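Structure record follows, encoded as structure tokens.
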Amino acid sequence: GNRAVVVVDRGWIFAGDIRRENGRIYLTRAVWVFRWEAIGFNGVITNPEKADIRPMADVELPEVSEIFCVPVQDDWGL
């Protein structure tokens, strides 16, 4: 699939079905990884149900704000 967790500048973490176009990142079926405790980032990736993940409207970001991106399963965070 094309779903990914994207960590961006200023510590924001989003996930969604990702598309890159014209220097922008577009996330549909987007969620915001709001908070987690005691499991670390890898724990969030492997056990998203242990994090506070909130639904979002579609997200559009400049590609230059991306710190890194982690591919995940198609239903991650939903």
Side-chain angles (χ1 to χ4, degrees):
N2 65 337
R3 193 157 184 84
V5 174
V6 181
V7 178
V8 297
D9 194 9
R10 311 257 191 262
W12 291 87
I13 303 173
F14 299 104
D17 298 341
I18 191 167
R19 182 179 96 245
R20 298 170 187 277
E21 188 175 298
N22 299 321
R24 307 291 291 176
I25 298 170
Y26 299 92
L27 299 172
T28 56
R29 295 192 315 145
V31 295
W32 173 26
V33 182
F34 182 73
R35 161 178 62 209
W36 68 88
E37 295 179 22
I39 59 173
F41 183 77
N42 188 53
V44 171
I45 297 299
T46 58
N47 295 302
E49 65 280 352
K50 293 185 177 183
D52 182 355
I53 297 176
R54 301 179 182 190
M56 297 269 311
D58 292 351
V59 176
E60 178 183 343
L61 305 160
E63 275 188 325
V64 298
S65 69
E66 180 180 7
I67 306 297
F68 64 92
C69 178
V70 179
V72 291
Q73 63 195 41
D74 287 339
D75 63 346
W76 194 95
L78 296 174

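Both backbone and side-chain heavy atoms feed into the values below; hydrogens, waters and symmetry mates do not. Worth saying up front: this structure is predicted, and the values here are computed from it rather than measured.
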Mind listing the side-chain donor-acceptor pairs of residues 68-78 below 3.5 Å, one per line with the distance, residues two or more places apart or on another chain?
residue : atom : partner : partner atom : Å
Q73     : NE2  : D75     : OD1          : 2.8
W76     : NE1  : I45     : O            : 3.0

Chi angles and distances behind the side chain to side chain contact (heavy atoms under 4.5 Å, CB included) call for N2, R19: CA-CA 8 Å; N2 65 337; R19 182 179 96 245; 5.7 Å; no

Could you go through residues 52-62 and list every donor-acceptor pair under 3.5 Å that involves a side-chain atom there, pairing it with any protein atom two or more places apart or in another chain?
residue : atom : partner : partner atom : Å
D52     : OD1  : R54     : NE           : 3.2
D52     : OD2  : R54     : NE           : 3.4
D52     : OD2  : R54     : NH2          : 2.9
E60     : OE2  : R24     : NE           : 2.9
E60     : OE2  : R24     : NH2          : 3.3

What are the two closest non-hydrogen atoms of I13 and W32, and how far apart are they? O-CD1, 3.4 Å

Enumerate donor-acceptor pairs with a distance under 3.5 Å from any side-chain N or O in residues 34-43 to protein atoms, sequence neighbours excluded.
none

Taking V7 as the starting point, is it possible to reach F14 by hopping between hydrophobic residues whose side chains are less than 4.5 Å apart? no

Kindly work out whether a path of hydrophobic side-chain contacts (I/L/V/M/F/W/Y, heavy atoms less than 4.5 Å apart) joins V5 to V44. yes

List for me each residue that meets side chain to side chain donor-acceptor pair (under 3.5 Å) alongside E63, sequence neighbours excluded, and say none if there are none. none

In terms of hydrophobic clustering (I, L, V, M, F, W, Y; side-chain heavy atoms under 4.5 Å; direct or indirect links), are L27 and V31 co-clustered? no

Partner set under side chain to side chain donor-acceptor pair (under 3.5 Å) for E49, not counting sequence neighbours: none

Residue pairs passing the side chain to side chain donor-acceptor pair (under 3.5 Å) test with at least one member in residues 4-17, sequence neighbours excluded, are R3-D17, D17-R29

